[in-house]
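Take a look at the structure below.
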Amino acid sequence: MSVYYVGKWNDHVIVVENQSDREKLSVDNEVLVQTKSGIRFGSALTAPMPGTDGLYIYAMVQGSGCDCIVGKPLETEYDKKTKTFTAEYNGHTVEAVNKTKSCLVVDGQEVDREPEGFHAFGIRGSQPDADGKRFMSVHDGVTNGLKVKCSVYAEAENVRLIPCKKQGGELIPLAYNGDDSEMAALLSCILLWSAIS
């Protein structure tokens with residue numbers, strides 16, 4: 001059975017389809033990227049975000065979940081000794097550290113650290129600025145064996161995706177916890193998805 005993760009970002013409908021052996025990322029009913037058929041622990045799907053100036057969408061599908069952000073990818077330099085990926089953006093120095101616990105450092109201050117326990121994947125982020133944008137780092141130890149891949153983003157935002165199933169051409173939530181704001185967000189996404197399908 002396919003599981004669909006559905007969300008909305010700036011009036012764009014994002015749908016990540018997780019089939020048993022393939023994953024697909026669509027925005028406004030346009031497929032941006034999909035994986036080849038095969039069994040894997042997780043898939044990182046990334047592509048330019050349509051209608052933006054240099055923003056990318058990143059979605060990680062693993063197990064029974066999907067994490068998604070939209071942001072501007074930054075070029076990094078890697079220091080093997082300190083296991084740090086460093087980027088510069090608008091006068092800020094952003095460091096994604098991949099030691100025992102991943103962490104994100106902005107201008108010399110640690111802003112987020114991996115919680116206790118072992119995590120093969122994680123997204124670290126700064127506090128949002130006045131426009132709701134953050135610096136974020138993605139630490140992916142799922143898709144590349146034991147070697148962790150790390151990406152750093154500026155002007156980044158989390159995108160909330162809700163798991164759904166398709167029934168009779170409609171997307172139906174797999175779970176609902178009684179949160180009215182969650183249902184309103186989901187219905188808004190489903191209505192937009194239906195309008196563009």
Side-chain angles (χ1 to χ4, degrees), residues 5-10 12 14-18 23-27 32-35 40-50 52-80 82-90 92-107 109-129 131-163:
Y5 298 95
V6 182
K8 188 170 100 172
W9 179 82
N10 288 0
H12 294 285
I14 298 166
V15 177
V16 178
E17 183 178 352
N18 184 10
E23 296 79 27
K24 184 187 320 182
L25 168 63
S26 302
V27 173
L32 300 183
V33 65
Q34 63 184 6
T35 61
R40 59 196 133 259
F41 292 112
S43 291
L45 305 165
T46 187
M49 187 67 180
T52 65
D53 183 22
L55 297 180
Y56 273 65
I57 183 169
Y58 176 96
M60 168 57 83
V61 181
Q62 63 170 338
S64 61
C66 183
D67 294 287
C68 182
I69 65 171
V70 172
K72 186 174 282 192
L74 302 179
E75 288 197 30
T76 60
E77 290 186 17
Y78 181 64
D79 183 327
K80 189 174 182 178
T82 63
K83 297 183 179 179
T84 302
F85 295 82
T86 304
E88 300 287 331
Y89 185 75
N90 284 352
H92 296 283
T93 301
V94 184
E95 299 169 289
V97 183
N98 262 330
K99 291 190 177 176
T100 307
K101 295 286 181 193
S102 64
C103 70
L104 180 65
V105 177
V106 178
D107 297 331
Q109 298 282 50
E110 184 178 298
V111 295
D112 194 8
R113 174 172 286 282
E114 181 177 358
E116 293 303 315
F118 173 75
H119 304 276
F121 173 80
I123 298 175
R124 310 275 72 84
S126 65
Q127 290 296 314
D129 64 15
D131 296 322
K133 312 291 186 188
R134 305 167 184 256
F135 288 110
M136 290 184 164
S137 59
V138 175
H139 304 261
D140 172 9
V142 174
T143 64
N144 200 26
L146 297 176
K147 186 174 180 184
V148 175
K149 291 189 287 185
C150 188
S151 304
V152 177
Y153 292 84
E155 300 179 26
E157 297 176 74
N158 285 316
V159 179
R160 185 174 177 196
L161 300 179
I162 299 171

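Here the structure is a predicted model, which is why all the values come from computation and not from measurement.
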Q.
Please check this pair: side chain of Asp112 against backbone of Cys103, looking for a donor-acceptor N/O pair closer than 3.5 Å.
A. no
Q: For side chain to side chain contact (heavy atoms under 4.5 Å, CB included), just list the numbers for Ser102 and Val97, CA-CA rounded to whole Å, side-chain angles, deciding distance to a tenth of an Å, and then say yes or no.
A: CA-CA 5 Å; Ser102 64; Val97 183; over 6 Å; no
Q: Evaluate the side-chain proximity of Val61 to Val16: yes if any heavy-atom separation is below 4.5 Å, no if none is.
A: yes
Q) Between Arg134 and Glu157, is the closest basic N to carboxylate O distance under 4.0 Å? A) no
Q: Please examine the side chains of Met49 and Val27, heavy atoms only from C-beta on, and report whether any two atoms are closer than 4.5 Å.
A: yes
Q: Step by step, work out the side chain to side chain contact (heavy atoms under 4.5 Å, CB included) result for Arg124 and His139.
A: CA-CA 8 Å; Arg124 310 275 72 84; His139 304 261; 3.6 Å; yes
Q) Taking atom types as modelled, is there a side-chain donor on Thr35 or Glu23 under 3.5 Å from an acceptor on the other? A) yes
Q: Run the numbers on Val106 and Thr93 for side chain to side chain contact (heavy atoms under 4.5 Å, CB included), then give the verdict.
A: CA-CA 6 Å; Val106 178; Thr93 301; over 6 Å; no
Q | Which atom of Ala59 lies closest to which atom of Cys66, heavy atoms considered | A | CB-SG, 4.2 Å
**Q.** Geometric class of the Tyr78/Phe85 ring pair [parallel <30°, tilted 30-60°, perpendicular >60°]
**A.** tilted
Q: Return the minimal non-hydrogen interatomic distance between Val152 and Ala87, and the atom names on each side.
A: CG1-CB, 4.4 Å
Q) Of the non-hydrogen atoms in Val159 and Lys8, which two are nearest, and what is the gap between them? A) CG1-O, 4.1 Å
Q | Sub-4.5 Å side-chain heavy-atom contact between Tyr5 and Asn18 | A | yes
Q) Taking the side chain as C-beta and beyond, is there a heavy-atom pair between Val105 and Val94 under 4.5 Å? A) no
Q) Judged by modelled atom types alone, do Thr86 and Glu77 share a side-chain donor-acceptor pair under 3.5 Å? A) no
(Q) What I'd like to find out is whether the side chain of Pro50 reaches to under 4.5 Å of the side chain of Leu32, using heavy atoms alone. (A) yes
Q. If we only count heavy atoms from C-beta on, is the Tyr153 to Phe135 side-chain gap below 4.5 Å?
A. no
Q | Side chain to side chain, Leu161 and Ile14, heavy atoms closer than 4.5 Å | A | yes
Q. Are any side-chain N or O atoms of Asp129 and backbone N or O atoms of Lys133, one a donor and one an acceptor, separated by less than 3.5 Å?
A. yes
Q. Which is it for Met136 and Asn158 under the side chain to side chain contact (heavy atoms under 4.5 Å, CB included) test, yes or no, and what are the steps along the way?
A. CA-CA 9 Å; Met136 290 184 164; Asn158 285 316; 3.2 Å; yes
Q | Heavy-atom side-chain proximity of Tyr89 to Lys72 below 4.5 angstrom | A | yes
